Amino acid sequence: MKRKYSEVKTILIGGQAGMGILLSGRVLAKFFGRMGLYTFLHTEYPSLIRGGHNFCILTVGNRKVYSQRLYADTLIALDKTTLEKHLWRLKHNCLLIIDKKIEGDLVKRDKFKIVELPLDELLARKKLPLITKNMVMLGSLVAILGYGIDTMIDVVSSVFKTKYKTENIEATKLGYEYTLKNFKHLQETFIDRGVEKKIIITSGNEAIAIGAVLGGMKIYTAYPITPASPLLHLLAAHQRELDIVVVQAEDEIAAINIAIGAWYAGARAITATSGPGFSLMCESIGLAGLTETPLVVILAQRQGPSTGLPTYTSQSDLKLALQASHGEFPKIVIAPGDIEESLVLTSTALDLAERYQVPVIVLVDRYIVESYKAIDFPNITPLFERHYVVEERDVIFKRYAITESGISPFAIPGMGNALVKVNSLEHDEYGFFVEEEKAVESMIEKRLRKMSTIYRDLGESDIAAKTYGNGREVIVSWGSTKGPILEAMNILESKGLKMKYLQVILLAPFPKDKIRRLLRGCERVLVVENNATGQFANLLKEYLDAEIISLLKYNGRPFYPEEIAERVEEVVRK
Amino acid sequence: MKRKYSEVKTILIGGQAGMGILLSGRVLAKFFGRMGLYTFLHTEYPSLIRGGHNFCILTVGNRKVYSQRLYADTLIALDKTTLEKHLWRLKHNCLLIIDKKIEGDLVKRDKFKIVELPLDELLARKKLPLITKNMVMLGSLVAILGYGIDTMIDVVSSVFKTKYKTENIEATKLGYEYTLKNFKHLQETFIDRGVEKKIIITSGNEAIAIGAVLGGMKIYTAYPITPASPLLHLLAAHQRELDIVVVQAEDEIAAINIAIGAWYAGARAITATSGPGFSLMCESIGLAGLTETPLVVILAQRQGPSTGLPTYTSQSDLKLALQASHGEFPKIVIAPGDIEESLVLTSTALDLAERYQVPVIVLVDRYIVESYKAIDFPNITPLFERHYVVEERDVIFKRYAITESGISPFAIPGMGNALVKVNSLEHDEYGFFVEEEKAVESMIEKRLRKMSTIYRDLGESDIAAKTYGNGREVIVSWGSTKGPILEAMNILESKGLKMKYLQVILLAPFPKDKIRRLLRGCERVLVVENNATGQFANLLKEYLDAEIISLLKYNGRPFYPEEIAERVEEVVRK
Amino acid sequence: MSISRLRTHVKITWCPGCGNFAIMNAFIRAILELEFKIKDIVVITGIGCHGRLHEYLRLNSFHTIHGRVLPLAIGIKLANKDLLVIGFSGDGDAYAIGINHFIHAARRNVDIKYIVHNNMVFGLTRGQVSPTSPLGLKTKSTPEGNFVRPINPIALALIAGATFVARGFTGDIEHLTTVLKQALLHRGFAFIDILQPCVTFYNTLPMLRRKVYKLEESGHDISNFDEAMDRALESDKIPIGVFYKVRRPTFEEQIPQLKGKPMSFRDIEMERVLKFVGKLV
Amino acid sequence: MSISRLRTHVKITWCPGCGNFAIMNAFIRAILELEFKIKDIVVITGIGCHGRLHEYLRLNSFHTIHGRVLPLAIGIKLANKDLLVIGFSGDGDAYAIGINHFIHAARRNVDIKYIVHNNMVFGLTRGQVSPTSPLGLKTKSTPEGNFVRPINPIALALIAGATFVARGFTGDIEHLTTVLKQALLHRGFAFIDILQPCVTFYNTLPMLRRKVYKLEESGHDISNFDEAMDRALESDKIPIGVFYKVRRPTFEEQIPQLKGKPMSFRDIEMERVLKFVGKLV
Ligand SMILES: Cc1ncc(C[n+]2csc(CCOP(=O)(O)OP(=O)(O)O)c2C)c(N)n1
Ligand SMILES: Cc1ncc(C[n+]2csc(CCOP(=O)(O)OP(=O)(O)O)c2C)c(N)n1
Ligand code: SF4
Ligand code: SF4
Ligand SMILES: [Mg+2]
Ligand SMILES: [Mg+2]
């Protein structure tokens, strides 16, 4: 099979909220997955239930696709706004699939290939409901791309379990047939089939759910909040089959304390939230820290501060994650860079939390958790080694035994006969309150020694940081900017510019030695992050002598690879 | 009048909780104040209502006294524990005033001057209650120091308004007379009368109360928490005379939101708390930040994390104060170094909050707010310039007008006819929700510009940083370590070692240029702070090339000047 | 004045048929009919679909964070007691994250009005269970049906000490307007729970239409606490209207310092401070 | 087993005469008399004088932050439903900062016991007003007397849906022990508000002695909700004992996954995960 490396095509679908825009993107991603093509699906919608402009960008390729692209090869417009808002994105000779109702002034007919569908008419004729418009368009696209309709029908049936199943299937067929009949001349050949591997289409939230269960999470508790709530919905819907308990708490403070209680009693628990909820959890994170109760909190960042832009992405909660709660205690902060890492690192977080008896914060963002990506069927092996001890003697357990590593044996009430006492006041080895100077100092020192132990264990590991590519010019980033950066590297490479990319995953304890080593000799680095003050760049500054050039974006939208590539070229040129 | 510079004496009073130890210290401080002597009173007590060892250290001098001293010239012991715990502190030839009941093995009689009082007997004879024991001892001390009893009686009457007033006066007299009769041979001459100025004895909490009222605070709202609650008690007790309203809220989240509401409607409001409450307030601090509602939060740090050591001091909440809440927004963090500055900077905080429409966090700690200090009668001038505008047109006010300084005109609902709309979502100039990329960016930029404006206005001012003394060796610190450092400088100077001390007051925006300038050419600095991870030193590291040597203390106790002086000598010697 | 006088230019984004429309319209009518001074009204809304209301009202407003409408409202009222302060919440805002403030505001009897858009579901976050969701309701977070008993906001308000307790229904705007007017005229903490459909996630309208009846048409005595409680605990039928009303001194009336000029506009009186400092000598 | 079997070596620091002693002793007696398996009991305490209780009990314990006893207790119970989970709070802990969790725990009917040391004042923070402080009480934060109506915890618990609601009194240890035993045996959310004096900041003992009477001696029917509510609203006399008890399915009983081994000790079943991932193809 001939394969052109790095062939990607981008399809933009837009319309009003309620028109099933985001769903169309997912259906299409699944369809391409079945055809052996990888995809990345970025979505954007306002914080409204109805009305307002929704769109999604699906980038398709015959190799892994790491992010959406800025310019579109195909536009599916369910309304005029879509056409108006995204005209600038359309490549020359772009394929337009539009509702015939849309007035055409905006569209220079000679620049584009246009498929106009008389949607209302078509649907009326078949007595199909208006909400299936999007499916007509998807059917039309399948026809133009020269595919058969069967796989698409399969996908549609799998997505619409019961409600409107037949209607959606009918609508898809309708679009397919109408297009074959009227627009066969516009048919084009799409990217060659890619892989034979089994591809799954997963959102970050879904990946986190899988990772959580593989890491032995037994209790999930949360208060709904965008963009973390899809995780709640998903886990709630599948709680029986996944053998977990899902509890919607009365607020985020309740949620995190339910999780802490569960861990104390031996069950792994997770709570997920976004900025406002995380801010509320600060006191309780300190409780886990001082009492050395394991805890995993997933912080899905959105654009703040305060309520801010609830449905838009951001990386502006890094500093709060690093210092969540008053006082000083060891904690781990990790930031997966993409959907695959979200899966693995959620499992890892559960393990680390129990191993080191610290709160672990998994920093993701709206861009990771609500994007969909085609990934290879993941390696499904559980990471579920337990780290507690069972003491059968009827004693008060030395829950806070002073050790060199700072890690004390972890026991669970009810397992064994020993009693486990835990205290939010400063305490001695048994958990009893102490105020005496020496006792206080040695317990504080014990706790803080864990930070060195964690650093020793993880600081040089793959969890700390990774590099990609090789070149004199270096990009450094953390979290979800990874995808657009990898795509930018593709773009740059095609222009002959090779880059090295350092992805920092572990943010606390900060893997300064590994970073220093990996960046040795490097004179300047471009730091890419989705915030306005360069929080990560400032952190890096403490440990790095290289010149730091910040590329920031803080309007709630993720980076596009084109933007990064452009900035790199600017930097290199000057 | 002959005056020896820097003559200080230290009196330690100890006993069980409930014996009136802390009160005795205050009575004595007031007494010395009337005698023209300055004092500093440090207190220590466990987090219990009854039982447990309480003590206070009163250091007296004929010049301003900046902190307690480590070693005692006089010990007043109401129980044996006091003797046992503090024996190491007693100077040679120390004066001991003790209850005769205390078994004397511990005391090498030849090393000390001992006044044994048969307290039970004396009180029983006069039918006085046992809770007046402490007053007998104070009377005794007055006799030994060669003072007349009248001033002391005056002070006692002013402190005990009604309850047990006569009993306490009687007890004081009793101790005075018994001592004159039996221990006249031990009489010693105390420090010469100092000043003729009017001295007041005030705690940090009292100073903050005065500052708050002078700064125009009209509403104080809080949820009780050590060590901030004395401020609540004080303001509640005097609310009518001070023309303010005091509200105990149902929790800290309610408290801070009441304050935000009050500011929105034009009344200056303060809430004060310590670590646990502050952690809970994080989300709401972000609300003030995004909505540009002025706000003053006083954070009286105690030893954490979590419940920790509620009655002990700490400076470990700096990093949280700097990044309280998710997202990015301008804020001011100021840390008064002593009681006088607490007064002034509380007023200043109110002014800055309204001027820049930002949350202002005043970082103090248990050591500042619960210590008492003799200060000169303060300059009582209000800092009460209002910064709002009145718009009489019936329009929607451009509450978030985009300006170069980032500061938009501030209007108050009900004043004028314009309507004031405030929004926790990202918004346009009128406060309406926006999600569009450019609009979002320009509002974020406007807000963040305020940080530069504040930096420009304050970065070089006296509020930013101050230096004391001059010498090659430099100490840098922030907050309450100022007192012990100034005393340490006295000690070092008497040994011929002159020091320079840089006190950083403004912590956000960080006055990096002023600090760099003040430390130019300096090769190493000793950074003194009350925490375990050197939070301030790490901050400084970002901006300073000099070697940083950290002197940390994190057992809940404040520094003693002797400890600092010793460390300085070590550093200098090596 | 017409309704449009109180509307901003902002386009409404609620789902067509949403109960929020009725609440907004009834509220505007009530305000207009009572002829309040517009500039002295302050509206606070929480986060939720209901919260967007402030965008549509040409009034002073503060769209605050989730669950904190009431403390904010109290702060405003203490600062300037001459303002008419009205808080709007959703059932999640008021009874999930915010229920502590609800109980405590009611007992304080601060002179604010509290209007809860009770659609028995979390709307803006796309359909999760709420504290007022009935047993069995399938939502995104309770796919097998809610099994936690709903709270009874009316009964809670009565027990907590609210001095005006009412229930409204968006299916009857006339009636809703009357109830709102009574609430706005009440001196003290006035609470109205308004039953509204969320046409997208839980359309209660048919069920409600079947079950509601008007208290004032059934001989209810609004000054009788026990009777109010009995009505509050009814479950087959759903009474709407005013359950209870009593005049008790408000929070503000019991603070002598608040007499006179609003706090917001007062100056500092130096002698007071001097006197206070004098005590520290 | 003797009482000392359940005591640690830690010296008690409550003020002599404090009601906390009686609560501790009655609790220990109840535990011993009911012969619970010691290792399966977990005690959670909040911050306040009451909170120190855990130091004195030779039991599994978690001394948590202020106001969050209940969510912690729920987490523990969900993790291991075989544990007997008992939460202790003060009136500040339970009804000021923590009242939202109280309402929501009651409606969930999680099988935990909740014991509130109600001394009508904040003890540990040295005497401020609490949500149960009576009108007129002078405290450090209300020097001119409290003017906010106290909440009624019993009535709130009833309205919120608690399935066991009782009031204890430290002046009668025998009676208190009996009530505690009933609570400990109840399946579901069992709530006991215990009236205790704070001898240092608010000594209610004489007043309470005068006013209390026993429900079980007055022909009260604990299965009758309306009667329970009437008693809860009494104000001249203070009834103690069990107000209401009803058996309703607990939260845990309604979650099918919880059947069988406690969650804490379960393994991962791979087929389940594979099946889930399979759906994403
Ligand atoms: C602290 C915090 N937690 C969660 C959210 C997310 N959130 C927004 S609205 C809402 C609940 C909406 O339900 P409701 O109050 O009933 O309002 P409705 O949308 O139904 O009008 C939630 C949980 C938030 N904004 N802030
Ligand atoms: C978040 C937080 N706010 C405030 C406090 C301070 N605090 C400790 S105990 C307490 C209240 C004590 O009253 P109560 O719960 O009635 O217990 P009691 O001491 O009377 O037994 C408060 C406010 C705290 N520890 N944490
Ligand atoms: S989701 Fe429900 S509550 Fe929200 S606007 Fe739509 S119908 Fe109204
Ligand atoms: S202060 Fe009150 S509640 Fe606390 S121990 Fe003393 S008497 Fe008991
Ligand atoms: Mg709702
Ligand atoms: Mg109490």
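If you're wondering where the values come from, they're calculated on a predicted model, not measured in any experiment. Just so you know, these numbers use all the heavy atoms, side chains as well, and skip hydrogens, waters and symmetry mates. In what follows, chains carry the letters A, B, and so on, assigned in the order in which the sequence lines appear, proteins first and then strands, with residues in each chain numbered from 1.
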How far apart are the closest heavy atoms of B:A267 and C:A79, and which atoms are they?
CB-CB, 3.5 Å
B:V247 vs C:F251, test: side-chain contact (heavy atoms from CB on, under 4.5 Å). Steps then yes/no.
CA-CA 10 Å; B:V247 181; C:F251 192 75; 4.1 Å; yes
Tell me whether B:K421 contacts the main-chain N or O of C:L57 through its side chain, where contact means a donor paired with an acceptor under 3.5 Å.
yes
Against chain C, label B:R399 side chain, backbone, both or neither, depending on which of its atoms sit under 4.5 Å from a heavy atom there.
neither
Is any side-chain heavy atom of B:T293 closer than 4.5 Å to one of C:F62?
yes
Among B:I210, B:T381, B:T202, single out the residue with the greatest number of heavy-atom pairs under 4.5 Å to chain C.
B:I210
CZ (B:R386) and CZ (C:F265) are apart, to the nearest 0.5 Å, by 8.0 Å
With respect to chain B, which residue among C:D40, C:I74, C:N80, C:V273 yields the maximal number of heavy-atom pairs within a distance under 4.5 Å?
C:V273
Ranked by heavy-atom pairs below 4.5 Å to chain C, first place among B:G431, B:P413, B:G216 goes to B:P413
Using non-hydrogen atoms only, which part of B:A255 is less than 4.5 Å away from chain C: side chain, backbone, both, or neither?
neither
Looking only at B:R268, B:Q239, B:E206, B:H427, the option with the highest number of non-hydrogen pairs under 4.5 Å against chain C is B:Q239
Tell me, with the steps shown, if C:R52 and B:L425 meet side-chain contact (heavy atoms from CB on, under 4.5 Å).
CA-CA 10 Å; C:R52 296 298 161 84; B:L425 288 160; 3.7 Å; yes
To the closest 0.5 Å, what do you measure between CZ (C:R272) and CD (B:E241)?
8.5 Å
CA sep, side-chain torsions, deciding dist, call: B:I200, C:K279, side-chain contact (heavy atoms from CB on, under 4.5 Å):
CA-CA 8 Å; B:I200 68 170; C:K279 290 187 186 154; over 6 Å; no
Of all heavy-atom pairs linking B:L214 and C:I268, the shortest is O-CD1, 3.2 Å
Where is the tightest heavy-atom contact between B:N423 and C:H63, given as atom of each residue plus distance?
OD1-CD2, 3.1 Å
Measure across B:S284 and C:I65 and return the closest heavy-atom pair with its distance rounded to 0.1 Å.
OG-CD1, 3.8 Å
Starting at CZ of B:F384, measure out to CZ of C:R266 and round the result to the nearest 0.5 Å.
11.0 Å
Worked check of side-chain contact (heavy atoms from CB on, under 4.5 Å) between B:N257 and C:H101:
CA-CA 11 Å; B:N257 283 286; C:H101 307 306; 5.9 Å; no
Where does B:F397 contact chain C at under 4.5 Å (heavy atoms): side chain, backbone, both or neither?
neither
Below 4.5 Å, heavy-atom pairs only: which of B:T221, B:I260, B:I253, B:I199 has the largest tally toward chain C?
B:I253
Which atom names give the shortest non-hydrogen contact between C:K39 and B:G416, and what distance separates them?
CD-O, 3.3 Å
If you count heavy-atom pairs under 4.5 Å with chain B, which of C:I47, C:L78, C:N60 comes out on top?
C:N60
Residues C:R108, B:E250: salt bridge by 4.0 Å N-O rule
yes
Nearest 0.5 Å, please: how far is OG in C:S264 from OH in B:Y388?
8.0 Å
If you draw a 6.0 Å radius around NZ in C:K275, do more than 12 non-hydrogen atoms from other residues or ligands fall strictly inside?
no
Do NZ/NE/NH1/NH2 and the carboxylate oxygens of B:D394 and C:R58 come within less than 4.0 Å?
yes
If you tally heavy-atom pairs under 4.5 Å against chain C, which of B:G215, B:P382, B:A259, B:A262 wins?
B:A262
Who among B:R240, B:R34, B:K198 has the most heavy-atom pairs with chain C under 4.5 Å?
B:R240
Could you look at B:Y430 and say if it's the side chain, the backbone, both or neither that has a heavy atom under 4.5 Å from chain C?
neither
Which residues, numbered in order, of residues 9-28 of chain C come under 4.5 angstrom of chain B by heavy-atom distance?
C:H9, C:V10
Checking heavy atoms, do the side chain of B:S158, its backbone, both or neither come under 4.5 Å from chain C?
neither
Atom of C:Q257, atom of B:I244 and distance for their closest heavy-atom approach:
NE2-O, 2.8 Å
